[in-house]
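Okay, structure first, notes after.
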Protein chains: 2
Amino acid sequence: MPVPNGRSPVMADVARLAGVSHQTVSRVLNGHPNVRTETQARVQAAIEELGYRRNSSARALVTRRTGVIGVVSFDTTHYGPAQTLAGIGRAARASGYFLSVVTLQTVTRKAVREAMDYLAQQSVEGYIVIAPKRAVVEGLADQSVDRPIVAVEGGEAPDLPMVCVDQVGGAYLATRHLLDLGHRTVHHIAGPRDWLEAEGRVEGWRQALADAGAPVPEPLCGDWKPRSGYDLGGRLARDPDVTAIFVANDQMALGTLRSLGESGVRVPEDVSVVGFDDIPEAEFFTPPLTTVSQDFSEVGQRSIRLLVELLEAADGDGSAAPAQHVIPARLVTRKSTAMYRRA
Amino acid sequence: MPVPNGRSPVMADVARLAGVSHQTVSRVLNGHPNVRTETQARVQAAIEELGYRRNSSARALVTRRTGVIGVVSFDTTHYGPAQTLAGIGRAARASGYFLSVVTLQTVTRKAVREAMDYLAQQSVEGYIVIAPKRAVVEGLADQSVDRPIVAVEGGEAPDLPMVCVDQVGGAYLATRHLLDLGHRTVHHIAGPRDWLEAEGRVEGWRQALADAGAPVPEPLCGDWKPRSGYDLGGRLARDPDVTAIFVANDQMALGTLRSLGESGVRVPEDVSVVGFDDIPEAEFFTPPLTTVSQDFSEVGQRSIRLLVELLEAADGDGSAAPAQHVIPARLVTRKSTAMYRRA
DNA sequence: GTTTCTTATGTTAGCGCTAACAATGTAGCC
DNA sequence: GGCTACATTGTTAGCGCTAACATAAGAAAC
């Protein structure tokens, strides 16, 4: 500690060492134009000599800006949210913002509200909420929060700024792919009913069937976990009419592949299977899984960009209609799908 | 906004409404003992009426405590870090701390240092660094940071507070299990050389072989990803002497299962395979994978507990020797391992 | 009754910074 | 020279809070 007392240096210490006023130090730090180059250099040198670092609390107190973005994520063994969070983190840092993260165990309106309250204590400037359930998104719109919120993965949320992957389009792609292979129709193992992603995938699947004039079987609902894909897959395995299955995520698809295998149903010879997410493991399933890939990193970046825009706009004029970014999904064709062959 | 001006209310507004001084409001907020119950109630009512929330920057400025813990994690498709982060998050919130997270794309000494610098700008009180590589842990010990650091997953780092899963023990368990099944020796597909987890798993494997007097084959090094398990597994598949493989993580084990399958090697009839991590998918691999389970949630909780202890101790006496928590791993037996049968 | 002690509250100062204004110097122009 | 314009620096106030001290009022002790 190069400051006499032993305390860490403050602006005044730097000023004294550089032979200027503390305000000039502040000016250098904030890149104000009217500082002589030589003075700037002297201040910089003093800063380095003392190892000075500006006190963020004092700064935040007077500027009324903390530079912190609150993120509400949820505890998960799902692949997507973790990737999204990483994308958000990268983008936030690139924009000079800090990230304060709360991870929920349960995705309920109440839990989200509590998490946001908690983050408010820390004076976050805005929120990014990974909101995969309808109830949560609706709760967000209600909520009288005076700071900007961006919903991620929130499906359609008309009156909220939002970034999501085009679930409907992705599911359409997957289903269309199976129909193009000659399958008369496509069965669907869906996610839980109250999840927006699940809903979107059901819708895209249904639409593709409708557009093709194919019959629409009753979708089966799982819980995203491999086991439910296993259980429901077992049910479909017993039905000889089933030749193509679109499973709402890769983990369940894995379970489905297993139960089909155990029932002596060959994939893709007897039944074709498509998943959703393109987790890193999918390429090495037995057989390698055809699935729909989502660019989570892009989702993260867009959501930060959107929130930052809202934050800067808040200083200026009244904002326009809430922007909604929908990022396209992409079909990745592997070995779990094949032409329909009459039994 | 119930405050005349339109600005958000401050302590003085609450004080005025409650007919007390701002200091009394502060006392109520901080739970000071000497406030009359009736006064307390009046203040509480005023707080609620105004929707007052204490300004964290002002508070931090004067108390010199931000209540923020900095976490350095890394961008990953790995299962472990995501889970650990969730555990850390839960524990932090339970202890009343906030979490500021930086996610790295590359795990280098430099990147970690930059991340910590970045977090320092935000005046974090301490750090939790998920440090899976030797170089990073060593960099941590060097670093002249004046705030407490807890390393997570850092393997042995003698002079640093640390929490990790017992990699050596876990690998020992896995290898021992295979030896107990009658296999003459166990081959190993390891993780990248500079990763501590990989090192620990190699060591445990080697030890178990040594203890059993079994020959120690040269380990093959992968990169944690399924593809490398696939490639290296293919190599082992061609060697008829190989009857048991311990793979350093489940993702590579998945690749190994695939390449064994493609080479016509049956698992577990011809070759037994054990993984490490117990990812949710492992149970549904073909065949269901015997693996080693780590309690990441416990890791997260312990690391927060440890850091909080260090933070509180910093106010008090000089700390004792840095605590090191090693959490045991657990073998999960499924269908990928079987008794050795002479060919 | 006076003195002490305790409890409940108010007053003041200051954390470290930035914004606003003031002050100085320096040049350009008539 | 005198005046304006601008670049550069310094001075002051105050962001909203807590800590420390000051005060007032009642209870307890003699």
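So that the names make sense, note that chain A is the first sequence line, chain B the second, and so on, each numbered from 1.
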Answer whether the closest heavy-atom distance between the side chains of S297(A) and R90(A) falls below 4.5 Å.
yes
Go through residues 18-30 of chain A and report each residue with a non-hydrogen atom lying under 4.0 Å from DNA chain C, sorted by number.
H22(A), Q23(A), S26(A), N30(A)
Listed by chain and number, what are the side-chain hydrogen bond (donor to acceptor under 3.5 Å, both in side chains) partners of E48(A), not counting sequence neighbours?
none
Taking all atoms of both residues into account, what is the closest heavy-atom pair of L306(B) and M162(B), and its distance?
CD2-N, 3.8 Å
Partners of I47(A) by side chain to side chain contact (heavy atoms under 4.5 Å, CB included), sequence neighbours excluded?
V14(A), L29(A), V43(A), Q44(A), Y52(A)
Distance in Å, H32(A) NE2 paired with S26(A) OG, rounded so as to fall on 0.5 Å steps
6.5 Å
Is the closest side-chain heavy-atom distance between V299(A) and V152(A) below 4.5 Å?
yes
By side chain to side chain contact (heavy atoms under 4.5 Å, CB included), which residues pair with R59(A), not counting sequence neighbours?
N30(A), R54(A), T63(A)
Range on DNA chain C touched by chain A, heavy atoms, distance below 4.0 Å
dG16(C) to dA20(C)
Show me the pairs that pass ring pair (Phe, Tyr, Trp, His ring centres under 6.0 Å) and involve residues 98-121 of chain A, at least two apart or across chains.
F98(A)-Y118(B), Y118(A)-F98(B)
With R109(A) via side-chain hydrogen bond (donor to acceptor under 3.5 Å, both in side chains) - residues at least two apart:
D142(A)
Please report how far the helix from dG1(C)-dC30(D) to dC30(C)-dG1(D) bends, comparing the axis fitted to its first five pairs with the axis fitted to its last five, to the nearest 10 degrees.
50°
Pairing residues for H22(B) by the side chain to side chain contact (heavy atoms under 4.5 Å, CB included) criterion, not counting sequence neighbours
M11(B), A15(B)
May I ask you to decide if L99(B)'s main-chain N or O and S100(A)'s side chain share a donor-acceptor pair within less than 3.5 Å?
yes
Please list, by residue number, the residues of residues 52-60 of chain B whose heavy atoms come closer than 4.0 Å to an atom of DNA chain D; answer none if no residue qualifies.
Y52(B), R54(B), N55(B), A58(B), R59(B)
Hey, could you give me the CZ/OG distance between R65(B) and S56(B), rounded to the nearest 0.5 Å?
14.0 Å
Indicate the atoms forming the closest heavy-atom contact of S57(A) with T66(B), along with that distance.
OG-CG2, 4.0 Å
Just to be sure I understand the geometry, which residues of residues 34-45 of chain B put a non-hydrogen atom under 4.0 Å away from DNA chain D?
none
Specify the closest pair of heavy atoms between L307(A) and G126(A), including all atoms of both residues, with the distance to one decimal.
CD2-C, 4.0 Å
Taking only residues two or more places apart in sequence or in another chain, which ones pass side chain to side chain contact (heavy atoms under 4.5 Å, CB included) with A58(B)?
L61(A), N55(B)
